[in-house]
Amino acid sequence: MNVLILGSGGREHAFAWKVAQSKLLENLYIAPGNAGTAHCGTNVAIGVNDFEAIKNLVWEKNIDLVLVGPEDPLVNGIHDFFLSDDVLKDIPVIGPKKDGAQLEGSKDFSKQFMIKHSVPTAAYATFTKENIKESDAFLESLKPPYVLKADGLAAGKGVLILDSLEEAKAELKKMILDSKFGNAGSKVVIEEFLKGIELSVFVLTDGKSYKILPAAKDYKRIGEGDTGLNTGGMGAVSPVPFADEAFIKKVEEKVVKPTIAGLNKEGIDYRGFIFIGLMNCDGEPRVIEYNCRMGDPETEVVIPRIKSDLLDLLNGVATQTLDQKNYETVPEIATTVVMVSGGYPGDIEKGKTVSGLNDAGDSLIFHSGTKQEDENVLTNGGRVFAITSFGRSIEDAVKKSFITAEKIKYEGKYYRKDIGKDLMMY
Ligand code: AMP
Ligand code: GLY
């Protein structure tokens, strides 16, 4: 098969690394890719939202399957674009159509979906200009802290968690009336705050059946001890020790099954990954959010733990034969440590020369934001590498990642040295 992967991060490098090992693969293309994906296939300098250029590439290279990494092209309707085009309509796209991508693209839609299909989640109400007068009373009915979410995609920045009632009232008005998050915030979801430990569960579905992929925990804050600004993710661990078999079974019964059944009831033919952000509230799973794609950096620990042929599984999604596919995971623990540019998640400088990449030791070096220029690998984003290692314990795995991260050098390099530490007591 000829495969095209869309995206340029560590998630896409992990996908490319795994697909490149498939017996079914003939040629692999990544658009736009990065310096790391170039070792797994051929990078093509096309943006993920340039649907016309993607169409030409798919035609020219005889692509048999397209795997979409990020949410943007899905929410923008890349799958619908393929289905409505005579040339592309029979080429499977892994990732939902616009209707299914609403699970991530609209917080209001996803909350309505959860309530309608009895998926456990936080109580909520949605506000716009029209009913903003009622927002103060709703906020007053909740206990602090207050959770405010811009309805639309806001590049991971659309969630505010505030301790003060007055601040929450004011921020809501800024979002709706002063367009604090642009159009994404013209509708705002206010939610009950959930106390518990957070984790992510990933599902691959062909619309009829599903496979539950390994669970993972990510580390969102820039600083050690979970302090400082939110980031795209500074590290991840899989499996999650407190998410034992019994808990995952609960997630399957109370969350995964009603979600898949709900999609069917809504007439949404969903083919792709569902990323379920969960809170473990005293042993009970409650859904914080859905995403219509895999997580980054969670993919960098989830995908290496899948033993089976990923392309075979994706082909099962495309042909709705996922239930007949072999799916096995490895028991070892995987950790990933994300190396970022100085200044991240604020302003960063790109173009720093990287050295020390030739000795990966016992780790997999996934590139998140790099580019190749002649002989050199240059930094090209906030997140630069995700260093994944296996071990029999979290300590053992993460130690290997730190050894490799130490060897890699570029100006301004930073990574958290406490990835997995909070989980070591379990
Ligand atoms: P989201 O963009 O929906 O993933 O929200 C960002 C982060 O805010 C989540 O990963 C949680 O840590 C936190 N969060 C979101 N909603 C809630 C909630 N209802 N209760 C507690 N924490 C939340
Ligand atoms: N690591 C969180 C995300 O991919 O959204």
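Just so you know, ligand 1 is whichever comes first in the structure, and atom 1 is the first atom listed for that ligand. Everything quoted here is computed from the prediction, not taken from an experiment. Residues: numbered from 1 along the sequence shown.
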Any Lys/Arg nitrogen of E191 or K149 sitting under 4.0 Å from an Asp/Glu carboxylate oxygen of the other?
yes
So does K107 get a backbone contact from the side chain of D151, meaning a donor-acceptor N/O pair under 3.5 Å?
yes
What about Y210 and F273, are their ring centers closer than 6.0 Å?
no
Proximity of R293 to ligand 2 by residue part, where a heavy atom lies under 4.0 Å
side chain
Could you establish whether M294 and ligand 2 come within less than 4.0 Å of each other, counting only heavy atoms on the residue side?
no
Go through ligand 2 atom by atom and flag the ones less than 4.0 Å from a non-hydrogen atom of F275.
3 (C), 4 (O), 5 (O)
Ligand-side contact atoms (ligand 2) for residue partner G232, heavy atom cut-off under 4.0 Å
1 (N), 2 (C)
Should the pair K417 and Y415 be classed as cation-pi, given the thresholds of under 6.0 Å to the six-membered ring centre and 45° from the axis?
yes
Using a strict cut-off of 4.0 Å, indicate which atoms of ligand 1 neighbour a heavy atom of M279.
21 (C), 22 (N)
4.0 Å heavy-atom contact, G233 with ligand 2:
no
So, regarding I288 and ligand 1 (criterion: nitrogen or oxygen to nitrogen or oxygen, under 3.5 Å), is there a contact or not?
no
Over 60° means perpendicular and under 30° means parallel, so tell me whether H367 and F385 are parallel, tilted or perpendicular.
perpendicular
State whether the shortest distance between N or O atoms of K220 and N or O atoms of ligand 2 falls below 3.5 angstrom.
no
Shortest reach to atom 15 (C) of ligand 1 by a heavy atom, considering only E289, K220, K149, E198
K149
Would R11 count as being in polar contact with ligand 2, using the rule that some N or O on each side must be under 3.5 angstrom apart?
no
Measure from NZ or CZ of K217 to the centre of the six-membered ring of Y219 and say whether it is under 6.0 Å with the direction within 45° of the ring axis.
yes
For S389 and S363, which I'm curious about, is there any donor-acceptor pair between the side chains at under 3.5 Å?
yes
Out of D218, D226, D422, which residue meets the salt bridge (Lys or Arg N to Asp or Glu O under 4.0 Å) rule with R416?
D226
Report the part of L194 (side chain from C-beta onward, or backbone N, CA, C, O) that has a heavy atom under 4.0 Å from ligand 1; answer both or neither where that applies.
both
Can you find a non-hydrogen atom of S200 under 4.0 Å from ligand 2?
no
Which ligand 2 atoms does D218 reach within 4.0 Å, using its non-hydrogen atoms?
1 (N), 2 (C)
Presence of salt bridge, K220 and E198, under 4.0 angstrom:
yes
Counting only heavy atoms from other residues, nucleotides and ligands, does the tally under 6.0 Å from CD of E140 exceed 12?
yes
Under 4.0 Å between heavy atoms, the region of N230 that gets near ligand 1 turns out to be neither
Is there a side chain to side chain donor-acceptor pair (under 3.5 Å) between S238 and R305? Walk through the geometry before answering.
CA-CA 8 Å; S238 175; R305 293 194 58 234; 2.9 Å; yes
Where ligand 2 meets G295 - atom numbers and elements under 4.0 angstrom, heavy-atom basis:
4 (O)
Would you kindly specify which portion of E298 sits under 4.0 Å from ligand 2, judged on non-hydrogen atoms: side chain, backbone, both or neither?
side chain
Would you call E192 a ligand 1 contact, heavy-atom distance under 4.0 Å?
yes
Scan side-chain atoms only and decide if T259 and Y290 contain a donor-acceptor pair under the 3.5 Å cut-off.
yes
Hey, looking at atom 6 (C) of ligand 1, which of D226, V287, V159 has the closest heavy atom?
V159
Within ligand 1, which atoms have a heavy atom of K107 less than 4.0 Å away?
1 (P), 2 (O), 3 (O)
